[in-house]
Amino acid sequence: METSKQYPDFVHIGMKILLWFEKNGRKLPFREEKSPYFIWISEVIFQQTRIQQGMEHYLRFVERFPTVQHLASATEDEVMLYWKGLGYYSRAINLHHAAQQIMNDYSGEIPSDYRALLRLKGVGKYIASAVMSIAFNQPYPAVDGNLYRVLSRFFCDDYDISQSKAFDYFSELAMRMMPMERAGDFNEAMMDIGAEICTPKNPRCTLCPIHTDCMAYSVGKVLEFPIKKKKIVKKKETIDYFFLHDGQSFWAKQRGKETFWKSLYEFPSSIPEKYSEMIYDTYQVRHQFTHKDLTINIHLLERKSEETLEEMSIMEHFEKIDFDKMDNFSFPKPLQDFLRNKFSL
DNA sequence: AACGCGGGGAC
DNA sequence: GTCCCAGCGTT
């Protein structure tokens, strides 16, 4: 098979992209000084989150944890507090763990080595390549969904992106375009084109610096790419919660790390049979996950004295949380909304 | 190789 | 409401 370094036959396309990027690239805070730490954090936060959606979280996060040292020495609960609302909570747990790996194994310095980066929790081939290219200007292609879309359209390539081999395949294509001495700029430029021009729907092709070279554009088939053969199967699931409070506090418990909403807090999921008559209302909310359609029933129980509540054996593993202290805990979005709407907090 | 994991924007 | 977006860890 031909290798990219031997056949950089589309590098003139990469040059067009760089020229466009210098005038039209997004100005983002972590692009100012190219600090490996800020690049790493931004890649983890924005890997599956749009810039607009996660920017406030990013700014808060790096203000509170400005260095690897700050992040490593924080408690996991505090890290979760700054991650609250971003979703995919294992990212935060892994990020925290990786910060401690960097303290222990690399004296607090982000390693400038692809293999070493891959050993960090939460760092896969994409983030390792992004850090290597953007922070250290090494020629690694940052292959993500943007790149699949831009390249499959540019080359009119029907390679199935749901196959795991697609990563290597499109890495090869990217390397044929990349001006080697400006890998970081090239990768950032491709992300910007994918996010703002070569979008999944309503692509703004005429603004694209390479649309006159784009093979899908030339035959009017842009929207047919990329090809993804595997489709998502959505499952249904129901959760019952029992909301107990004494007017000042309510009961909650931290979730485990087995399934979704890792390490976030939730309400009791069951109560002794004899208390079911205390239910006076049920608040139902549907919540859409990518792979799951969740129905949440929050059963409100009549206000009881603290003594009564403490007697209930089910309460043993739960914490009593004051309504006015709830911001110190990380709740899933629907439970946060419930608390805010139902009790106007 | 297959599966689970969030939340928000566009329409 | 419905549809869409995506890398990483685990198994």
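Chain letters run A, B, ... following the sequence lines, proteins first, then strands; residues in each count from 1.
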Taking the cut-offs as 6.0 angstrom to the six-membered ring centre and 45 degrees off its axis, would you call A:R31 and A:F38 a cation-pi pair?
no
Got a sec? Which of residues 156-169 of chain A come in under 4.0 Å of DNA chain B, heavy atoms?
A:S164
Can you tell me how far [atom2] of [N] sits from [atom1] of [X], to the nearest Å?
X      : N      : atom1 : atom2 : answer
A:N94  : C:dT10 : CG    : C1'   : 11 Å
A:F46  : C:dC8  : CZ    : P     : 16 Å
A:K257 : C:dT10 : NZ    : C1'   : 15 Å

Each nucleotide of nucleotides 3-11 of chain B classed B (base within 4.0 Å of a protein heavy atom), S (only sugar-phosphate) or -, in 5' to 3' order, makes -SBBBB--S
Result for 5'-nearest mapping on DNA chain C, choosing between A:P200 and A:R286, is A:R286
May I ask you to decide if A:L264's main-chain N or O and A:S330's side chain share a donor-acceptor pair within less than 3.5 Å?
no
A:F46 and A:M55 have their tightest heavy-atom pair at CE2-N, 3.8 Å
In short, A:M103 meets A:A72 closest at the heavy-atom pair CG-CB, 3.5 Å
In terms of relative ring orientation, are A:F329 and A:F331 parallel, tilted or perpendicular, with 30° and 60° separating the classes?
tilted
More than 12 foreign heavy atoms under 6.0 Å from [atom1] of [X]: is that the case here?
X     : atom1 : value
A:K34 : NZ    : yes
A:Q52 : CD    : no
A:E56 : CD    : no

Say you pick atom C1' in C:dC8 and the same atom in B:dG9; how far apart are they, in whole Å?
24 Å
For the P atoms, the ones on C:dG9 and on B:dG8, what distance do you get once it is rounded to whole angstrom?
24 Å
Give, ordered by number, those residues of residues 114-127 of chain A having at least one heavy-atom distance below 4.0 Å to an atom of DNA chain C; if nothing qualifies, reply none.
A:L120, A:K121, A:G122, A:V123, A:G124, A:K125, A:Y126, A:I127
Only one of A:W20, A:F154, A:Y217 clears ring pair (Phe, Tyr, Trp, His ring centres under 6.0 Å) with A:H211; which?
A:Y217
For A:K16 and A:D213, run salt bridge (charged side-chain N to carboxylate O under 4.0 Å, His left out): C-alpha distance rounded to whole Å, both residues' side-chain angles, the deciding distance at 0.1 Å, then the answer.
CA-CA 10 Å; A:K16 279 192 187 182; A:D213 310 280; 2.8 Å; yes
Output yes when A:K325 and A:E319 qualify as a salt bridge under the 4.0 Å nitrogen-oxygen rule, no when they do not.
no
